[in-house]
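Here is the structure we will look at.
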Number of protein chains: 2
Amino acid sequence: MLTMNFTEDKKSHLPLYRQLAEHFKKEIRLNHMADSAKLPSIRKLATALNLSRTTVETAYSLLLAEGYIMSQPKRGYIAINLAELPPTANKPQQKQPQKPAVLYNFANNYIDIRTFNAALWRRCINNALKEPENIAAYGQAQGEIKLREILAKYSYEARGVIAAPEQIVIGAGVQSLLEILIGILQPEHQSVALEAPGFPQAERIFKDHYWQVETFAAGKIDEKLPSLLLVSPSNPYKGSTLSAEERLALLHWAQHTNGLIIEDDYNGEFRYFARPIGALQGLSGGDNVIYFGSFSRLLMPSLRISYMVLPPRLLARYNASAQLYNQTSSTIEQLALAEFIAGGHMRRHVRRLRKLYALKNTLLRTALTEIFGKLITVRSYASGLHIRLAVRSQNTSEELASLALANGVRILPVQASAPKAEPEILLSFAGINEDHIRPALLLLKKAWFN
Amino acid sequence: MLTMNFTEDKKSHLPLYRQLAEHFKKEIRLNHMADSAKLPSIRKLATALNLSRTTVETAYSLLLAEGYIMSQPKRGYIAINLAELPPTANKPQQKQPQKPAVLYNFANNYIDIRTFNAALWRRCINNALKEPENIAAYGQAQGEIKLREILAKYSYEARGVIAAPEQIVIGAGVQSLLEILIGILQPEHQSVALEAPGFPQAERIFKDHYWQVETFAAGKIDEKLPSLLLVSPSNPYKGSTLSAEERLALLHWAQHTNGLIIEDDYNGEFRYFARPIGALQGLSGGDNVIYFGSFSRLLMPSLRISYMVLPPRLLARYNASAQLYNQTSSTIEQLALAEFIAGGHMRRHVRRLRKLYALKNTLLRTALTEIFGKLITVRSYASGLHIRLAVRSQNTSEELASLALANGVRILPVQASAPKAEPEILLSFAGINEDHIRPALLLLKKAWFN
């Protein structure tokens with residue numbers, strides 16, 4: 001047994017029990033003792049080395065406290081040798097199915113990188129990093145007050161949202177904010193209706209909390225609806241904003257039933273060829289609407305900062321539990337964003353984006369007409385970052401998406417609005433280069449009609 | 001009526017209906033038309049201005065579509081004037097109670113800012129910002145693969161955690177990760193036992209999902225426990241790590257009941273005067289433990305990046321729903337962190353922190369003994385960022401905290417372990433300056449014993 005090699009070092013300043021413990025540590029570190037190897041019992045080792053039982057016992061306690069050994073019922077003391085456990089022991093198989101190369105991407109994941117002024121953003125980040133107190137402390141649970149103050153102003157100017165900074169809650173995306181909202185709406189609210197065709201990421205969060213989730217058509221508001229509705233005017237799967245009549249009907253419903261509307265105003269800033277429509281929240285006077293805004297498409301998707309505006313009637317409830325929800329957004333990025341907006345960069349940036357996207361939108365529609373003629377019908381295009389198309393094809397929209405992908409073009413299928421309707425798809429023009437539009441469409445035509 | 005001022009501009013290239021619409025827009029913008037002001041009916045206006053009804057109708061449709069007017073049942077068309085709604089209309093009262101000034105802070109919110117190399121971090125951030133694809137796309141839902149790869153290595157080296165990158169999920173804090181975990185554990189799991197004295201932020205999330213939440217003592221593992229336990233070895237409210245026996249009993253329980261343990265290893269890196277104890281996860285072989293790690297105290301609290309390691313048996317479940325949970329951490333900060341760890345900076349940083357905190361810890365204990373003598377007893381100090389004290393006082397720990405705050409010192413009270421026990425408090429040594437320790441303790445003594 002290796003541990004029998006131990007001999008006392010008379011010249012050492014360490015007490016004997018420490019010497020013995022160090023000896024074991026070395027054995028374990030040098031892999032002379034395997035993981036789970038049994039140590040001799042206290043009595044046996046004391047006899048073998050001619051040491052007192054107290055010395056051995058103290059050495060073992062030290063090893064135990066320092067995590068080198070464990071005491072196991074019936075087996076006694078065993079060694080813990082972390083080095084022996086290979087880090088890949090449980091490595092799951094990396095099965096990567098061969099995916100076709102994507103030459104052109106009309107899917108929902110990109111912004112046009114030319115629109116992003118990285119140097120400017122870097123400056124804002126660096127300024128935020130300069131203040132030691134921004135780094136040393138946990139931020140405010142509700143979000144940095146600097147950002148909430150400027151958001152109150154920005155959301156009013158850009159979207160007609162009526163909000164005091166105290167009503168604004170910052171979070172890393174709509175899902176994080178929904179989690180908090182659900183916490184304060186429960187248990188009074190337990191069901192929600194989502195504007196058709198739905199919003200999978202929100203649905204998931206509600207269902208995780210055992211809520212009833214249904215969908216409703218914005219044109220059909222009736223008394224059978226639950227007292228909480230979620231509308232996504234710029235939901236790409238819908239592809240068109242609410243009409244004035246639909247907006248009015250929603251506000252009317254909220255006023256008359258004292259119901260609540262969650263307004264997901266994702267991409268509300270993007271409306272082309274017409275003046276942007278103000279948020280429902282502002283039209284309602286701020287009482288019946290919980291407003292959600294986001295910067296993922298305005299600035300960059302990698303930035304995880306969204307905000308919600310709580311109506312005054314929910315504030316007491318929120319304040320009572322706010323400290324139990326940690327802030328999810330980076331403090332530094334919150335402060336950088338506050339500076340970016342306060343410096344007027346956001347306004348300029350959105351104006352530039354709107355122009356660029358309007359141009360791409362027009363180019364894409366022109367090319368669609370030229371290349372596809374009557375084989376497609378544009379269903380909507382005037383807002384958001386997508387054009388919605390109906391395709392004169394016997395295929396389903398999922399089949400169209402697969403055919404496209406097999407030819408190197410990624411598009412988004414849309415759930416059919418009616419059983420026998422023409423299949424519909426979405427083309428996002430945000431991330432695609434102008435020069436790629438025509439070759440991409442030619443590939444699509446080949447994939448679908450050759 | 002103002003709208004009667006309209007006259008056709010014969011030289012304009014705009015069609016008549018557009019001219020009429022522009023006229024209304026100007027009236028609304030210039031505040032000549034109040035919010036909700038009624039517009040003349042189509043018939044009336046056509047007659048008054050001697051225009052065709054189609055012209056007026058088209059102009060109104062345009063205004064409707066562009067959000068300038070609404071059609072209201074029985075009232076007809078009304079103007080929407082956002083500028084009229086004052087942004088402070090619903091501003092809640094800002095009641096800020098007079099708070100006593102905090103001269104010395106022993107509470108849980110700060111790190112020692114001298115430990116943070118802002119220039120180095122800035123370089124990592126700037127490098128991440130250089131790659132356009134990091135900015136343009138939404139990141140990976142599970143977290144950036146670069147970060148997950150380096151975390152697999154880091155967590156093994158630092159904490160003995162056994163993980164392949166595929167098992168690692170990144171998120172903005174423990175709460176965000178718990179949300180995802182709850183989603184994949186439901187509905188089989190519906191109850192959890194938290195290691196006493198509990199963990200309010202985790203409890204909130206479980207209760208939001210209608211889980212049964214109880215607490216348990218790590219020393220008392222029995223068959224009545226639910227099949228999911230959460231342990232926080234470095235929970236500051238507990239103030240002491242698990243003993244070797246407690247760790248063993250937990251692993252034994254998991255193996256024999258096929259139960260799951262959530263190991264919140266917050267501050268697991270901080271153990272002084274002894275070798276850090278490896279994570280339970282590694283000791284279990286990785287099968288029964290869900291490991292949570294965090295960088296808020298290692299690097300900076302403002303950085304919202306945590307990670308969890310899922311055991312292989314939960315992976316299929318996670319992969320099936322991963323796309324429904326958006327990533328909450330900033331891509332740029334994830335990539336900066338990956339570079340920081342890969343460059344060896346994290347290892348050096350933790351080593352430096354450990355030294356500094358061990359020094360402060362010793363200074364604080366020495367000063368405590370000198371100033372308080374037998375009036376206090378140190379209950380635990382060897383890990384985490386707090387010293388836990390029992391105070392020889394008739395006051396409750398909450399009263400001690402109030403007395404301290406009234407004298408300018410912030411401390412954390414601890415829930416009493418037994419009804420008649422001495423009150424206990426926590427002093428965090430992480431954020432306080434060495435030179436402030438003695439004056440702060442003198443103030444505390446005055447607050448409690450004068």
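Because only heavy atoms are used, hydrogens play no part in the values below, and waters and symmetry mates are left out as well, while side chains stay in. The chains referred to below are lettered A, B, ... by the order of the sequence lines, with proteins before strands, and numbering in each begins at 1.
Heavy atoms closer than 4.5 Å to chain A are found nowhere in B:Leu299, neither backbone nor side chain. In this structure, the portions of B:Ser330 lying under 4.5 Å from any heavy atom of chain A include both its backbone and its side chain. Interface remark: B:Pro311 contributes no atoms to any contact with chain A (heavy atom separation under 4.5 Å). Using a 4.5 Å cut-off between heavy atoms, B:Arg204 contacts chain A through its side chain alone, with no backbone atom that close. Heavy atoms of B:Ile125 lying under 4.5 Å from chain A belong exclusively to its side chain. Residue A:Thr328 touches chain B through both its backbone and its side chain, counting heavy-atom pairs closer than 4.5 Å. Proximity to chain B involves both the backbone and the side chain of A:Glu179, based on heavy atoms less than 4.5 angstrom apart. Heavy-atom distances place no part of A:Gln334 under 4.5 Å from chain B, backbone and side chain included. Using a 4.5 Å cut-off between heavy atoms, B:Glu203 makes no contact with chain A at all. For chain B, the nearby part of A:Ser329 is the backbone; its heavy atoms alone come within less than 4.5 Å.
Atoms CG and CD1, from A:Leu248 and B:Ile78 in turn, are 7.0 Å apart once rounded to the nearest 0.5 Å. To the nearest 0.5 angstrom, A:Tyr154 atom OH is 8.5 Å from A:Arg159 atom CZ.
Options A:Gln327, A:Glu245, A:Arg122 differ in how many heavy-atom pairs under 4.5 Å they form with chain B, and the most are formed by A:Arg122. Contact count versus chain B (heavy atoms, under 4.5 Å) is highest, among A:Ile182, A:Ile332, A:Leu129, A:Asn326, for A:Asn326. Contact tally against chain B (heavy-atom pairs below 4.5 Å) for A:Gly139, A:Ser321, A:Gly431: the top residue is A:Ser321.
Without hydrogens or angle criteria, B:Gln175 side chain to B:Ala202 main chain gives no donor-acceptor distance under 3.5 Å. B:Gln140 places a side-chain N or O within 3.5 Å of a backbone atom of B:Ile145 that can act as its donor or acceptor partner. No donor-acceptor pair closer than 3.5 Å links the side chain of B:Glu144 to the backbone N or O of B:Thr331.
A donor-acceptor contact closer than 3.5 angstrom is absent between the side chains of A:Tyr318 and A:Glu166. Side-chain contact annotation: B:Gln190 with A:Tyr210, donor-acceptor N/O pair under 3.5 Å present.
Ring orientation note: the planes of B:Tyr60 and B:Tyr77 are nearly perpendicular, at an angle over 60° on the 30°/60° scale.
Of all heavy-atom pairs spanning B:Ala164 and B:Ala152, the tightest one is C-CB, 4.4 Å.
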